[in-house]
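See structure below.
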Amino acid sequence: MSDQSLEPAIEKARSPFSEAWEMFRGNYAAMAGLVVLILIVIGAVLGPILYPTDPFDMVWAPFSPPGQDGFLLGTDYLGRDLLAQILNGGRVTLVIGLSAAVLTVVIGVTVGALAGFYGGVIEEILMRITEFFQVLPTLLFSMVIVALFGASLPMITLAIGLVSWTAVARITRAEFLRVRELEYVMASRASGASNMALMFGVILPNALPPIIVQSALMVGSAILFEAGLSFLGLTDPNITSWGQIIGSNRQYILESSYTVTIPGLAIFITVLAISLVGDGLNDALNPKLRKR
């Protein structure tokens with residue numbers, strides 16, 4: 001058999017992951033977002049090690065402009081090094097984004113899977129609960145949770161997760177309704193597979209692509225949500241996050257705008273990179289778009 005005759009067989013043998021990665025790699029905007037996101041993660045992990053200044057130390061005079069007196073990003077209203085705050089705050093911001101996204105996905109997938117798999121009364125009850133949370137003013141509801149139970153890091157993460165899961169639940173339900181009637185699911189059911197095995201071993205793996213895309217976008221949404229809560233003063237004063245830097249300097253936005261602009265740019269660039277990666281995943285994991 002010639003090499004030319006082997007090429008179609010090799011082409012057909014490629015895994016879905018290889019095809020998805022090839023399409024994602026061909027999306028220059030998504031690749032640029034991925035590179036930027038990797039650099040941000042590296043900076044958040046290694047930055048405090050390479051630049052070990054305590055973000056709470058008052059190292060110089062307040063409102064020293066960027067580049068002056070040896071401080072690359074300047075100092076804030078208390079004379080704290082803004083670069084140290086950005087590097088250390090990146091860790092907290094990314095942890096909040098990832099943790100809240102994980103919580104959102106766990107709640108949303110559980111509710112959506114149960115509703116889409118069982119249908120009937122269970123679906124009606126779970127979808128009415130989903131609609132209730134969907135129409136709540138999310139920022140106000142999260143503010144109430146944080147105000148009642150404290151502005152600790154776990155509570156902020158919990159508040160964000162509790163108000164953000166409805167989109168994931170609806171997507172999961174729609175995918176379960178579509179996949180549960182396919183032949184291989186019927187075959188697994190006929191072979192005696194339990195409901196839990198069908199839901200999480202057969203249907204969920206085949207319903208993951210849109211859930212993965214939504215999960216990636218939820219990280220950016222959680223980062224913005226935390227920034228909003230911090231801007232309103234609902235944050236833990238003992239931790240440094242990009243949103244907390246903006247919130248603590250908001251009174252001086254006109255006199256020393258860089259204290260708000262720099263962390264704001266960090267949030268903007270991070271969320272933009274996550275959005276570009278999410279759009280790339282949406283194209284790469286959608287089989288209908290692979291042949292475009």
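Just so you know, these numbers use all the heavy atoms, side chains as well, and skip hydrogens, waters and symmetry mates.
- Judged by distance alone, the side chain of Y118 and the main-chain N or O of A113 form no donor-acceptor pair under 3.5 Å.
- In summary, the side chains of S241 and E226 do present a donor paired with an acceptor at a separation below 3.5 Å, with no hydrogens or angles considered.
- Looking at residues two or more places apart in sequence or on another chain, you find a ring-ring contact (aromatic ring centres under 6.0 Å, His included) between Y252 and F63, Y77.
- With sequence neighbours excluded, the residues satisfying side chain to side chain contact (heavy atoms under 4.5 Å, CB included) with Y51 are T53, D81, L83, A84, L87.
- Counting heavy-atom neighbours within 6.0 Å of M58 CE, excluding the residue itself, gives a total of 12 or less.
- Both M143 and L136 belong to a common hydrophobic cluster when Ile, Leu, Val, Met, Phe, Trp and Tyr are linked at side-chain heavy-atom distances under 4.5 angstrom.
- Cluster membership for I274 and Y28, using ILVMFWY side-chain heavy atoms within less than 4.5 angstrom, is not shared.
- Comment: E175 engages R178 in a salt bridge, judged by a side-chain N to carboxylate O separation of less than 4.0 angstrom.
- Annotation for P66 and I262: closest pair CG-CD1, 4.4 Å, computed over non-hydrogen atoms.
- Residue pairs meeting the salt bridge (charged side-chain N to carboxylate O under 4.0 Å, His left out) criterion with at least one partner in residues 130-156, sequence neighbours excluded, are R128-E131, E131-R170.
- Between the side chain of T259 and the backbone N or O of S256 there is at least one donor-acceptor pair closer than 3.5 Å.
- Residues satisfying the ring-ring contact (aromatic ring centres under 6.0 Å, His included) test with F133, not counting sequence neighbours, are W165.
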>> As a quick check of understanding, evaluate side-chain contact (heavy atoms from CB on, under 4.5 Å) for F24 and D283, giving each step before the final call.
In response: CA-CA 7 Å; F24 183 88; D283 292 347; over 6 Å; no

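- Here the side chains of I96 and I223 are not in contact, with every heavy-atom distance at 4.5 Å or above.
- Under the 4.5 Å side-chain heavy-atom criterion for grouping Ile, Leu, Val, Met, Phe, Trp and Tyr, F132 is connected to F141 within one hydrophobic cluster.
- Atom-to-atom distance recorded for I269:CD1 and L39:CG is 11.0 Å, nearest 0.5 angstrom.
- Residues satisfying the side chain to side chain contact (heavy atoms under 4.5 Å, CB included) criterion with P237, sequence neighbours excluded, are absent altogether.
- The number of heavy-atom neighbours closer than 6.0 Å to CZ of F200, taken from other residues, nucleotides and ligands shown, is above 12.
- Counted within 6.0 Å of CD on E255, heavy atoms from surrounding residues, nucleotides or ligands total more than 12; the atom is thus considered enclosed.
- Counting heavy atoms from C-beta on, the side chains of E123 and R173 come closer than 4.5 Å.
- Within the structure, the salt bridge (charged side-chain N to carboxylate O under 4.0 Å, His left out) test picks out the following pairs touching residues 57-80 (sequence neighbours left out): D76-R80.
- Nearest heavy atoms, L229 versus V146: CD1-CG2, 4.5 Å.
- Here L276 contributes atom CG and L281 contributes atom CG; the two are 11.0 Å apart, rounded to the nearest 0.5 Å.
- Formation of a donor-acceptor pair under 3.5 Å by the S142 side chain with backbone atoms of L139 is found in this model.
- Shown here for I245 and L82, the closest heavy-atom pair between the two residues is CG2-CD1, 3.8 Å.
- Annotation: side chain of M199 is not in contact with side chain of L204 (no heavy-atom distance under 4.5 Å).
- With hydrogens and angles ignored, the 3.5 Å screen pairs a side-chain donor or acceptor of S191 with a backbone N or O of S188.
- For the pair F56/L78, no side-chain contact is recorded, criterion being any heavy-atom separation below 4.5 Å from C-beta on.
- R250 places a side-chain N or O within 3.5 Å of a backbone atom of F231 that can act as its donor or acceptor partner.
- When side chains are defined from C-beta on, L162 counts as touching I145, because their heavy atoms get closer than 4.5 Å.
- Residues V102 and V271 do not share a hydrophobic cluster, defined by chaining ILVMFWY side chains whose heavy atoms lie under 4.5 Å apart.
- Here OG1 of T172 is found 12.0 Å from CD1 of I203. Values are rounded to the nearest 0.5 Å.
- Closest non-hydrogen pair, V59 versus F71, comes out as CG2-CE2, 3.5 Å.
- Shortest non-hydrogen contact noted between V106 and T110 is O-OG1, 2.7 Å.
- Between the CD1 atom of I211 and the CZ atom of F176 there is a distance of 6.5 Å, given to the nearest 0.5 Å.
- A donor-acceptor pair is defined here as one N or O able to donate and one able to accept, closer than 3.5 Å; such a pair exists between the side chain of N206 and the backbone of V202.
- No continuous path of hydrophobic side-chain contacts links M155 to L140 [ILVMFWY only; heavy atoms under 4.5 Å].
- Here the closest heavy-atom approach between residue R180 and residue F117 is recorded as NH1-O, 3.1 Å.
- In this structure, CH2 in W242 is found 7.5 Å from CD1 in I267, a value given to the nearest 0.5 Å.
- Taking a 6.0 Å sphere around CD1 of I253, one finds it holds 12 or fewer heavy atoms contributed by other residues, nucleotides or ligands.
- Interatomic distance, CD1 of I86 versus CG of L72, reported as 11.0 Å (0.5 Å rounding).
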